[in-house]
Participant: 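Let me begin by handing over the structure; questions about it come next.
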Amino acid sequence: MELTAKAWSKSLESEMLQRWQREPHPERKGKTLTIDTPPPYPSGRPWHIGAAAHYAQIDMIARASRLLGWNVRFPIGIDRNGVPVEMYTEKKLGISLHTTPREQFVAACRTALDDLEAEMLSIMKTMGLSGDFAHVYRTDSPEYRSRTQATFIDLWKRGLIYEDSRLNNWCPGCMTTVSDNEVGYKEIPTFLNHVEFRVKETGQQITIATTRPELLCTAALVVFNPRDERYHSLEGKTALVPFYNLEIPIISHPIADPAFGSGLMYMSRSAGDLNAVRFLREMGIPYDVCITEEGRMNDKAGPLVGLSVRKARERISDELRKLGVLAKEEQINHQTPVCERSKHEIEYIAMPEYYLKQVEFLPVLKQYAQEMGFHPEAHRQILLDWIAAVTMDWPISRRRFYATEIPIWYCAACRHPHLPTPGSYVQPWKDTAPFAACTKCGNDRFVGEDRTFDTWMDSSISPLVVTGYFTDKGLHRKLAATVVRPQAKDIIRTWLFYSLLRCHQLTGKRAFARAWIMGYGVDEKGEKMSKSKGNVIDPIPILEKYGADQFRFWCAQETSLGSDFRCSEDRIVGAGKFLTKLWNTVRFIAPFQSKEPAAVRPLDQWILNELASLVKQCKAGYDDLNFFVPATAIRTFLWNVFAPHYLELAKVRAYRGDAAAIQTLHTCLRALLQLLSPITPFITDYLHRELYGSPVTGQPFPKPPAARKLPFTTDQLLQLDSMIWKAKKDRGLSLKAPVALLTVPAAFASIEQELVETHGVQQVARGEPAVQLA
RNA sequence: GGGCCCAUCGUCUAUCGGCUAGGACGGGACCCUCACACGGUCCAGGGCCAGGUUCAAUUCCUGGUGGGCCCACCA
């Protein structure tokens with residue numbers, strides 16, 4: 001065979017891809033492992049290099065599992081529902097969801113998604129993902145959406161869904177209710193306004209500090225802490241709200257912090273934060289929102305009506321200043337709740353929304369979180385912490401367009417809800433109701449629901465979709481116990497949590513055997529990549545420049561499982577050298593062929609011992625789905641032990657045609673290629689075919705050679721070689737220069753021949769290691 | 001404010017409480033030695049701080065500091 005080139009060429013990768021397309025992975029006999037591949041979300045260009053790295057590693061899960069003997073199902077899906085594409089479309093086309101006809105807007109989103117999706121799929125293919133590209137599923141397909149709807153209908157019938165109007169997180173930008181885990185916090189500078197109220201009964205002046213003066217129009221109470229003795233005399237009195245001249249009671253309640261401001265707070269019926277939401281609920285005070293869905297003041301705000309919340313805040317401060325009741329304005333940084341999607345400041349508005357019960361399922365979810373496997377183990381805690389923090393049911397309805405529709409029609413007369421039979425995809429906002437008459441009042445006119453689902457309602461059933469729950473219950477039962485969920489760390493509280501919840505509600509079982517959690521790809525300074533920072537690295541030019549295997553090897557050896565990893569082009573370049581090293585090692589070994597059986601010499605046994613330990617390390621790494629372990633172990637073996645020491649010492653024998661040396665070289669090489677194949681499938685498959693005439697895939701996991709005790713250790717041998725090289729180097733001699741006298745301990749007697757031949761030793765003596773040059 | 005995780009050369013990491021803390025990337029010097037200059041050889045460079053346990057601490061404990069993440073949150 002001919003390996004004339006001096007290095008592996010990434011152009012061979014497309015050749016290999018075509019080859020693989022012609023010969024798909026053979027079904028194996030063993031048990032089946034299903035990967036619940038995270039369907040990536042096409043939210044804009046470029047696709048994040050960290051995401052590409054993530055999928056490269058998921059392919060390593062697939063390939064490593066096959067190498068370990070599993071039959072692997074590796075579906076490929078794309079998540080296409082929800083706000084990100086709507087925002088992308090609004091920005092790209094300069095249109096607004098709220099002013100564009102729904103049909104038209106949905107079509108524009110679909111076009112955008114198709115383009116972005118094509119690019120992601122092409123990247124996945126280029127990287128050599130061994131997934132099922134023939135059956136890509138899309139979460140916005142009528143088929144998938146019909147399943148989301150079917151599960152909703154199921155849960156509805158079982159009484160797990162209810163509608164309620166309660167104060168909830170509202171994003172004025174997205175114009176929808178959002179759930180707690182879509183809310184983030186951002187430090188925003190604002191003013192803490194010290195506003196003077198008067199006590200009606202005594203005329204006494206009291207000061208109240210607030211960041212939300214624009215909510216004064218709905219002021220309900222003034223509160224002080226019962227432990228705060230300064231204000232005991234105010235209990236039961238009445239406060240006069242400036243500007244609006246409202247009369248509100250003063251009460252004591254522990255919610256007020258004596259150390260904050262003056263120790264007095266006012267509570268608005270239009271809650272300014274979650275704490276207030278809870279307080280109102282606890283006190284049984286009906287809410288009375290003074291903010292509109294667009295984030296403007298409504299008519300309750302009197303003269304402020306129509307102003308944005310922010311403008312209203314400035315305006316009321318002006319008014320209070322004019323009245324002489326604004327004692328102080330302090331600039332503070334405020335941890336402000338913002339929408340994680342659109343970054344708008346969250347307001348608390350009550351809208352009727354559907355809720356899915358989750359609180360009562362927390363104990364079983366906790367149990368699942370404790371039972372299932374986690375790679376790495378440490379990340380289990382993130383899920384447990386989240387489960388412990390959940391206090392409310394999940395609001396699942398959204399007032400958006402590009403998402404799965406809630407499958408309900410209401411009787412036009414009595415508003416009674418009607419749900420269709422599960423199975424087909426329905427769009428109540430445009431479809432005619434599939435009912436003859438209202439089951440309650442007999443009326444024959446219906447109004448379709450126009451709200452959609454939170455997208456996690458769709459993605460949380462992916463473990464069921466990929467195991468055939470909706471198409472083949474028998475298959476599902478067979479596959480369900482061995483599902484592996486790979487995903488990023490940041491969506492533990494959403495995707496992982498909701499999947500466990502929903503699958504439990506639908507099947508009564510735990511969705512996953514194991515979860516594999518990867519860290520974030522950060523930039524080379526260690527900072528999070530974000531489009532706003534402009535430090536997002538596009539994977540396409542990287543893959544074009546360096547090829548898939550180089551990228552994959554970099555991914556594997558960059559960081560241990562679960563930690564964040566820095567994306568630095570320099571280090572990707574560095575990873576490529578390994579492929580060249582491997583290539584040239586093969587280039588050296590390939591020409592040597594020997595069929596006759598031969599007994600190994602002690603030197604051969606030494607490297608076989610090392611190989612045995614390598615095989616065990618790789619097995620442990622692959623079992624833990626931690627590719628850092630095999631990648632670094634293989635690299636160290638090849639570069640620090642096998643090539644510089646064994647290869648050099650066995651070289652002369654190999655040239656001579658020594659069968660034991662040649663067979664040992666091939667034993668090591670073959671095992672190396674197989675052990676490495678999950679990480680760098682292109683080069684290993686190419687070389688395995690060239691040398692051994694068969695694909696590297698489909699081989700069983702390499703067996704560790706039988707190890708035998710030797711009189712010298714690896715460290716001793718490495719140090720001996722190094723000592724000789726250093727001696728020559730110090731004298732400015734070539735490494736081929738002869739050694740006049742080499743003194744070695746008796747332990748090396750069995751490999752003396754190789755030492756002599758390799759280092760050009762003229763005479764050998766026994767004793768502590770020493771080199772004497774001519 | 002509460003919780004979780006982490007802390008080793010510039011970077012990524014190794015090290016059952018015990019040899020001079022090992023390797024890789026990057027840096028420097030020399031060498032184109034017949035698989036490989038995407039190579040070889042050599043060099044420089046590190047245990048966050050303060051206590052404690054111990055014959056012995058990078059390793060175990062406590063506190064601090066510094067990161068990361070999560071939750072709550074100043075009305």
Side-chain angles (χ1 to χ4, degrees), chain A residues 3 5-8 180-181 185 190 192-193 208-213 215 222-223 255-257 259-261 264-268 271-276 278-279 330 332-337 376 378-386 388-391 489-490 492-493 519-520 522 524-526 528 550 554 557-560 562-566 568 570-592 628 631-633 635-636 639-641 643-644 647-648 651 654-655 715 718 721-722 724-730 732-737 760:
Chain A
L3 292 168
K6 278 194 165 189
W8 162 250
D180 287 352
N181 51 32
Y185 286 85
T190 188
L192 182 60
N193 304 279
I208 291 172
T210 177
T211 56
R212 301 294 305 262
L215 305 179
V222 167
V223 188
I255 193 172
D257 175 1
F260 185 88
L264 288 169
M265 69 185 289
Y266 91 90
M267 194 53 81
S268 171
D273 59 73
L274 266 181
N275 203 26
R278 293 203 194 101
F279 178 79
E330 265 178 87
I332 58 162
N333 279 325
H334 184 202
Q335 290 290 327
T336 312
H379 286 349
R380 180 192 308 277
Q381 197 58 41
I382 303 178
L383 178 61
L384 286 169
D385 285 353
W386 175 251
V390 171
T391 56
K489 200 165 70 176
D490 54 343
I492 290 177
R493 61 180 184 162
Y520 314 105
V522 296
E524 47 195 341
K525 290 186 215 103
K528 197 170 175 176
Q550 185 167 343
W554 164 76
Q557 56 122 54
E558 184 58 25
T559 313
S560 200
S563 335
D564 294 350
F565 53 99
R566 294 190 187 202
S568 147
D570 284 347
R571 291 184 67 87
I572 297 173
V573 171
K577 295 185 182 178
F578 172 76
L579 301 184
T580 309
K581 188 71 186 175
L582 175 66
W583 177 265
N584 283 298
T585 306
V586 174
R587 210 152 68 91
F588 173 75
I589 298 172
F592 301 115
F628 176 81
T632 48
R635 189 188 195 287
T636 304
W639 216 322
N640 296 4
V641 182
L647 210 75
E648 290 301 331
K651 212 177 219 177
Y655 280 132
D715 276 352
L718 266 50
D721 280 335
S722 184
I724 299 167
W725 288 324
K726 185 168 164 44
K728 292 181 180 179
K729 154 96 178 159
D730 287 349
L733 295 172
S734 142
L735 296 183
K736 283 190 303 191

Participant: Between atom CH2 in A:Trp583 and atom P in B:rG39, what is the gap in whole Å?
Facilitator: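 After rounding, the reported distance stands at 16 Å.
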
Participant: Looking at the side chain of A:Lys6, which of B:rC74, B:rA35, B:rC36 is the nearest nucleotide?
Facilitator: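 In terms of side-chain proximity for A:Lys6, the closest of B:rC74, B:rA35, B:rC36 is B:rC36.
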
Participant: Contact class for A:Gly576 vs. all strands (heavy atom < 4.0 Å): base, sugar-phosphate, or nothing?
Facilitator: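 It contacts base atoms.
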
Participant: Identify, between A:Leu192 and A:His379, the residue whose nearest nucleotide on RNA chain B lies closer to the 5' end.
Facilitator: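 Taking each residue's closest nucleotide, the earlier one in sequence belongs to A:His379.
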
Participant: Write down the distance separating the C1' atoms in B:rU33 and B:rG28, rounded off to the nearest Å.
Facilitator: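 Approximately 22 Å lies between the C1' atom of B:rU33 and that of B:rG28.
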
Participant: Can you tell me the Watson-Crick or wobble partner of B:rU54, both distances under 3.5 angstrom?
Facilitator: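 Pairing partner, where one exists within any strand: none, as none qualifies.
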
Participant: Remember a base hit wins even if backbone is also touched, and classify A:Asp257 as base, sugar-phosphate or nothing at under 4.0 Å, heavy atoms.
Facilitator: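 Contact class for A:Asp257: base.
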
Participant: Starting the side chain at C-beta, find the nucleotide from B:rC36, B:rC42, B:rG68 nearest to A:Asp564.
Facilitator: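 My answer, after comparing the listed nucleotides, is B:rG68.
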
Participant: Mind checking who B:rG66 pairs with, Watson-Crick or G-U wobble, both distances under 3.5 Å?
Facilitator: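 Here B:rG66 is engaged in a pair, and the nucleotide opposite it is B:rC6.
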
Participant: Between B:rC38 atom P and A:Arg571 atom CZ, what is the distance in whole Å?
Facilitator: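 Distance, rounded to whole Å: 19 Å.
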
Participant: What's the CH2-P distance between A:Trp725 and B:rC43, to the nearest Å?
Facilitator: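 Rounded to whole Å, this separation is 14 Å.
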
Participant: Please report the distance separating the C1' of B:rG27 from the corresponding atom of B:rG46, rounded so that it comes out in whole Å.
Facilitator: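 Comparing C1' positions in B:rG27 and B:rG46 gives a spacing of 15 Å.
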
Participant: Report the base-pairing partner of B:rC34 (Watson-Crick or G-U wobble, both distances below 3.5 angstrom), or none.
Facilitator: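 Looking at the geometry, B:rC34 pairs with no nucleotide.
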
Participant: For A:Tyr520, is there any backbone N or O sitting under 3.5 Å from a side-chain donor or acceptor partner on A:Asp564?
Facilitator: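 Yes, A:Asp564 side chain to A:Tyr520 backbone: donor-acceptor pair under 3.5 Å.
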
Participant: Check the distance between B:rC74's P and A:Ile208's CD1 and give it to me in whole angstrom.
Facilitator: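 One finds 16 Å between P of B:rC74 and CD1 of A:Ile208, rounded.
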
Participant: Look through every strand shown and name the nucleotide pairing with B:rG45 as Watson-Crick or G-U wobble, where both distances are under 3.5 Å.
Facilitator: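 Looking at the geometry, B:rG45 pairs with no nucleotide.
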
Participant: Looking for any heavy atom pair under 4.0 Å, which part of the strands does A:Ala575 touch: base, sugar-phosphate only, or nothing?
Facilitator: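 Since no nucleic acid heavy atom lies under 4.0 Å of A:Ala575, the category is nothing.
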
Participant: For B:rA24, which nucleotide in any strand shown is its Watson-Crick or wobble partner with both distances under 3.5 Å?
Facilitator: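 Base partner found: B:rU11.
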
Participant: Say we look at B:rC25 and B:rC38: how far apart would their C1' atoms be, to the nearest angstrom?
Facilitator: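 B:rC25 and B:rC38 have their C1' atoms separated by 13 Å.
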
Participant: Taking only the side-chain heavy atoms of A:Leu647 (C-beta and beyond), determine which of B:rA35, B:rC25, B:rC38 contains the nearest atom.
Facilitator: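 The answer is B:rA35.
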
Participant: Out of B:rC12, B:rA35, B:rC69, which has the shortest distance to the side chain of A:Glu558?
Facilitator: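 Among the listed nucleotides, the one closest to the side chain of A:Glu558 is B:rC12.
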
Participant: For the pair made of CH2 in A:Trp554 and P in B:rU13, what is the distance, rounded to whole Å?
Facilitator: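 Computing the A:Trp554:CH2 to B:rU13:P distance gives 12 Å.
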
Participant: Between A:Thr632 and B:rC12, does any side-chain N or O lie under 4.0 Å from OP1 or OP2?
Facilitator: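 Checking B:rC12 against A:Thr632, no side-chain N or O comes under 4.0 Å of OP1 or OP2.
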
Participant: Measure CZ/A:Arg566 against C1'/B:rC12 and give the value in whole Å, please.
Facilitator: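 It works out to 9 Å between those atoms.
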
Participant: Expressed as a whole number of Å, how far does the P atom of B:rG66 sit from that of B:rC60?
Facilitator: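 It works out to 22 Å between them.
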
Participant: With a 3.5 Å distance limit and no angle check, can you tell me whether A:Asp273 reaches the backbone of A:Ala276 through a side-chain donor-acceptor pair?
Facilitator: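 Yes.
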
Participant: How many Å lie between NZ on A:Lys651 and C1' on B:rA35, as a whole number?
Facilitator: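 The distance from NZ of A:Lys651 to C1' of B:rA35 comes to 7 Å, rounded to the nearest Å.
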
Participant: Kindly indicate whether the side chain of A:Lys581 and the base of B:rC36 share any N or O donor-acceptor pair separated by less than 3.5 Å?
Facilitator: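 Check passes, donor-acceptor contact within cut-off.
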
Participant: Nearest to the side chain of A:Arg587, which nucleotide is it out of B:rC36, B:rC43, B:rC38?
Facilitator: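 Nearest to the side-chain atoms of A:Arg587, counting from C-beta on, is B:rC36.
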
Participant: A:Arg635 side chain N/O closer than 4.0 Å to the phosphate oxygens (OP1, OP2) of B:rC25?
Facilitator: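 Yes, such a contact exists.
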
Participant: Report which part of the nucleic acid A:Phe628 touches: base, sugar-phosphate, or nothing (heavy-atom distance under 4.0 Å, all strands).
Facilitator: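 Touches sugar-phosphate only.
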
Participant: Can you measure A:Gln381 atom CD to B:rC6 atom P for me and round it to whole angstrom units?
Facilitator: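 About 11 Å, once rounded to whole Å.
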
Participant: Of all the nucleotides listed (B:rG39, B:rC42, B:rC74), which has the minimum atom distance to the side chain of A:Trp639?
Facilitator: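 Looking only at side-chain atoms, A:Trp639 lies closest to B:rG39.
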
Participant: Looking for any heavy atom pair under 4.0 Å, which part of the strands does A:Glu330 touch: base, sugar-phosphate only, or nothing?
Facilitator: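 Since no nucleic acid heavy atom lies under 4.0 Å of A:Glu330, the category is nothing.
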
Participant: Quick one: sort the A:Trp583 and A:Trp8 rings into parallel, tilted or perpendicular, breaks at 30° and 60°.
Facilitator: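 Rings of A:Trp583 and A:Trp8: tilted, 30 to 60°.
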
Participant: Quantified in whole Å, what is the C1' atom distance between nucleotide B:rG17 and nucleotide B:rU58?
Facilitator: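 One C1' to the other, the span is 10 Å.
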
Participant: Students often mix this up, so state it plainly: with edges at 30° and 60°, are the rings of A:Trp639 and A:Phe578 parallel, tilted or perpendicular?
Facilitator: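 Rings of A:Trp639 and A:Phe578: tilted, as their planes differ by 30° to 60°.
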
Participant: So which nucleotide from B:rU41, B:rA35, B:rC74 ends up closest to the side chain of A:Ala643?
Facilitator: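 Ranking B:rU41, B:rA35, B:rC74 by closest atom to the A:Ala643 side chain puts B:rA35 first.
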
Participant: Roughly how many Å apart are B:rC6 and B:rG64, using the C1' atom of each and rounding to a whole number?
Facilitator: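 My reading of the C1' atoms in B:rG64 and B:rC6 gives 16 Å.
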
Participant: When you match A:Ser563 and A:Tyr655 each to their closest nucleotide on RNA chain B, which lands nearer the 5' end?
Facilitator: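 The residue whose closest nucleotide sits nearer the 5' end is A:Ser563.
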
Participant: Taking only the side-chain heavy atoms of A:Phe588 (C-beta and beyond), determine which of B:rC42, B:rA24, B:rA35 contains the nearest atom.
Facilitator: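 Of all the options, the side chain of A:Phe588 is nearest to B:rA35.
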
Participant: Is the shortest side-chain heavy-atom distance between A:Trp386 and A:Ile492 below 4.5 Å?
Facilitator: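 No - every pair of side-chain heavy atoms lies 4.5 Å or more apart.
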
Participant: Which nucleotide in the list B:rC12, B:rC69, B:rC4 gets nearest to the side chain of A:Asp385?
Facilitator: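 When the side chain of A:Asp385 is considered, B:rC4 is the closest of B:rC12, B:rC69, B:rC4.
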
Participant: Do the side chain of A:Asn584 and the main chain of A:Lys6 share a donor and acceptor less than 3.5 angstrom apart?
Facilitator: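 Judged by distance alone, yes, a pair lies under 3.5 Å.
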
Participant: Does any part of the side chain of A:Glu648, heavy atoms only, come nearer than 4.5 Å to the side chain of A:Asp721, both counted from C-beta?
Facilitator: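 Heavy-atom side-chain distance check fails, nothing below 4.5 Å.
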
Participant: In terms of side-chain heavy atoms of A:Lys577, which of B:rC74, B:rC36, B:rG26 is nearest?
Facilitator: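 Given the options B:rC74, B:rC36, B:rG26, the side chain of A:Lys577 is closest to B:rG26.
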
Participant: Using only atom types and a distance under 3.5 Å, with no angle test, would you say the side chain of A:Ser722 pairs donor to acceptor with the backbone of A:Leu718?
Facilitator: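 Not a single qualifying donor-acceptor pair exists.
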
Participant: For the C1' atoms, the ones on B:rA57 and on B:rA50, what distance do you get once it is rounded to whole angstrom?
Facilitator: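 Roughly 15 Å separates the two C1' atoms.
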
Participant: Looking only at atom C1', what distance separates B:rG3 and B:rA72, rounded to whole Å?
Facilitator: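 So the two C1' atoms sit 10 Å from each other.
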
